[in-house]
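Every chain is numbered from 1, with letters handed out A, B, ... down the list of sequences. The basis for the numbers below is simple: all heavy atoms, side chains too, and nothing from hydrogens, waters or symmetry mates.
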Amino acid sequence: MFRPSPYEALQVLPPEERELSGKERLLLASGPLLSWYRREKRDLPWRENRDPYRIWISEIMLQQTRVEAVKPYFFRFFEHFPRISDLAAAPEEELLKCWEGLGYYSRARNIKKAAEILTEKYNGIFPESYGEILALPGIGSYTAGAIASIAFELPVPAVDGNVLRVLSRVTGSFDDILKQSTKKKMEALVSEVIQPGSAGDFNQALIETGAMICIPGGAPLCSQCPFFTVCAARSQGLTEKLPVKTPKKKRKIEEKTVLLLEYQDKIAIRKRREDGLLASLYEFVNVPGQLSAEEAGALLDQEVWPEPLPEAKHIFSHVEWHMGGYFVSLKEMPESLPGEESGPALFLTWEEIRKEYPVPNAFAVYKKYLDQRYGGEEE
DNA sequence: AAGACGGGGGA
DNA sequence: TCCCCAGTCTT
């Protein structure tokens with residue numbers, strides 16, 4: 001009588017004759033991965049303890065931002081806002097000033113909104129359920145997973161760009177990692193293998209592998225990788241081909257003319273709109289287009305002699321500003337100022353602006369000019 | 001699904 | 001130049 005082998009009955013090949021599934025690869029590597037992480041992990045400020053407040057702030061700051069860029073901001077943040085209630089009570093202006101230069105300023109505004117919810121609805125205590133964490137402003141699936149697993153040991157995935165890269169290589173996946181469907185698949189995969197008790201370390205180990213071993217841009221350091229023995233991309237020579245990412249589009253270019261308007265040793269700045277690029281931050285008066293000195297002077301409705309300033313270029317992710325500018329000494333306080341969209345101008349000393357008002361680094365060339373003209377940081 | 005949203009470091 | 005970074009929110 002015909003008897004199928006166990007493997008035939010299961011409709012799978014015996015282990016030595018088939019490819020491992022992604023889940024099997026992760027399961028096989030999880031022990032070595034945890035050991036490797038606990039032995040080799042970087043000593044980072046937010047790994048000092050598992051205080052959810054610190055974990056939260058670190059994860060927000062680390063969104064699309066390199067570790068080295070975050071460190072100084074992380075320390076300074078807790079000097080200003082030691083407790084969540086300090087954050088909730090702080091003026092948005094102070095928070096923005098603390099965030100100046102870090103980018104993605106909606107993160108700061110969302111942090112404040114979340115702090116208000118935490119203070120009012122949760123009595124200042126971080127909720128311990130994934131759903132409640134996910135519902136807070138500025139917290140998406142990655143950050144919710146990171147906080148839930150690192151601070152509270154909930155066995156939920158925290159799939160970021162690092163983890164996407166690692167898992168697509170380890171599992172040999174050709175799915176485009178920029179698609180949200182791919183992220184969902186990878187989250188499902190992690191959910192299948194993550195264990196309570198080591199969830200925080202497991203997620204951080206995946207991230208650490210992506211940051212230190214399975215690095216973006218260059219060749220991965222496979223010889224040191226905790227996934228060495230199970231990685232599909234390594235064993236099949238696919239590390240150059242994975243992960244798959246679709247190409248991105250070109251940036252738009254915007255021409256601007258910046259006007260450093262001086263009246264009695266004070267400089268005009270104004271608050272930007274509450275929505276859009278660099279929302280609610282401060283800027284020097286500026287107008288669209290590349291204006292000549294004559295055109296710039298004509299905008300001011302009084303006799304002036306604009307002095308040309310250096311040109312500057314600032315590159316955002318999706319747009320480039322090409323800027324020229326003029327320094328203009330005003331003889332009288334103008335009724336109104338050019339540039340339609342923004343709020344009324346404030347005339348303040350450069351010292352006050354430099355200390356109190358968040359002016360984004362897109363204006364760095366002109367900030368530096370004012371530092372030299374009025375004496376800023378000594379050099 | 002695609003775009004908006006910063007800034008900086010490295011190839 | 002271009003790519004990428006411990007992503008999220010809006011359209």
Ignoring hydrogens and angles, tell me if any N or O in the side chain of A:R47 forms a donor-acceptor pair with the backbone of A:R42 under 3.5 Å.
-> yes
Residues two or more places apart in sequence or in another chain: which of them pass side chain to side chain contact (heavy atoms under 4.5 Å, CB included) with A:Y73?
-> A:M61, A:R76, A:L102
Test side chain to side chain donor-acceptor pair (under 3.5 Å) applied to A:E100 and A:Y282, step by step = CA-CA 11 Å; A:E100 182 187 72; A:Y282 289 81; over 6 Å; no
Distance below 4.0 Å between A:K313 side-chain N/O and B:dG7 OP1 or OP2 | no
Quick one: label A:A158 by what it contacts on the DNA or RNA (base, sugar-phosphate, nothing), any heavy atom closer than 4.0 Å.
-> nothing
Here the distance between atom P of B:dA4 and atom CD of A:E274, to the nearest Å, is 21 Å
Tell me: CD1 of A:I133 to C1' of C:dT8, nearest whole Å?
-> 16 Å
Test: A:R234 cationic atom under 6.0 Å from A:F228 six-membered ring centre, within 45° of axis = yes
Look at the side-chain heavy atoms of Ile, Leu, Val, Met, Phe, Trp and Tyr, link any pair under 4.5 Å apart, and say whether A:W56 and A:I150 land in one connected group.
-> yes
So what stems show up for DNA chain B if we need 3 or more Watson-Crick or G-U pairs in a row, all under 3.5 Å?
-> B:1-5 with C:7-11, B:7-11 with C:1-5
Atom CG of A:L281 to atom C1' of B:dA4: distance rounded to whole Å?
-> 16 Å
How is A:G161 classified with respect to the nucleic acid when contacts are heavy atoms under 4.0 Å: base, sugar-phosphate, or nothing?
-> sugar-phosphate
Taking A:K97 for its side chain and A:Y357 for its backbone only, find out whether a donor-acceptor pair lies under 3.5 Å.
-> yes
Flag side-chain contact, heavy atom, 4.5 Å: A:L281 against A:V359 | no
Send over the distance from A:L164 CG to C:dC5 C1', rounded to a whole Å.
-> 13 Å
Distance, P atom - from C:dC3 to B:dG3, rounded to whole angstrom | 15 Å
Measure from NZ or CZ of A:R54 to the centre of the six-membered ring of A:F78 and say whether it is under 6.0 Å with the direction within 45° of the ring axis.
-> yes
Donor-acceptor contact below 3.5 Å, side chain A:N203 vs main chain A:V156 | yes
Shortest non-hydrogen contact from A:T257 toward A:L291 = OG1-N, 2.9 Å
Phosphate oxygens OP1/OP2 of B:dG7: is one of them under 4.0 Å from a side-chain N or O of A:N361?
-> no
Protein-nucleotide distance (A:W321, atom CH2; B:dC5, atom P), rounded to Å | 10 Å
Considering only atom C1', compute the distance from C:dC5 to B:dA1 and round it to an integer number of Å.
-> 22 Å
Separation of C:dT8 atom C1' from A:L178 atom CG, nearest Å, is 15 Å
If you find the nucleotide of DNA chain B closest to A:A69 and the one closest to A:K179, which residue's nucleotide is nearer the 5' end?
-> A:K179
For A:R47, which contact category applies under a 4.0 Å heavy-atom criterion: base, sugar-phosphate, or nothing?
-> base
Does A:H314 have a side-chain nitrogen or oxygen under 4.0 Å from the phosphate oxygens OP1 or OP2 of B:dG7?
-> yes
Within residues 57-67 of chain A, the residues having a heavy atom closer than 4.0 Å to DNA chain B are A:Q64, A:T65, A:R66
A:K245 side chain, from C-beta outward: closest of C:dC4, B:dG7, C:dA6 = C:dC4
Does A:K71 make a side-chain N or O approach to OP1 or OP2 of B:dG8 shorter than 4.0 Å?
-> no
Touch check for A:Y142, heavy atoms < 4.0 angstrom, all strands: base, sugar-phosphate only, or nothing?
-> base
Quick one: list whatever passes side chain to side chain donor-acceptor pair (under 3.5 Å) with A:Y142, sequence neighbours left out.
-> A:E59
Members of residues 95-108 of chain A that approach DNA chain B, where some heavy atom sits under 4.0 Å away | A:G101, A:L102, A:G103, A:Y104, A:Y105
Using a cut-off of 4.0 Å on non-hydrogen atoms, how would the nucleic acid contact of A:G276 be classed: base, sugar-phosphate, or nothing?
-> sugar-phosphate
The answer to which of A:L134 and A:E208 contacts DNA chain C further toward the 5' end, by nearest nucleotide, is A:E208
Rounded P spacing from C:dT10 to B:dG6 in Å = 14 Å
Whole angstrom value for the distance that separates P of B:dG7 from CD1 of A:I315 = 12 Å
Roughly, in whole Å, what's the span from CG in A:L277 to P in B:dA4?
-> 11 Å
Quick one: does A:R165's side chain have a donor or acceptor within less than 3.5 Å of a partner on A:C214's backbone?
-> yes
Results of side chain to side chain donor-acceptor pair (under 3.5 Å) for A:E40 - residues two or more places apart only = none
Using the P atom in both, what is the distance from B:dA11 to C:dA6, to the nearest Å?
-> 15 Å
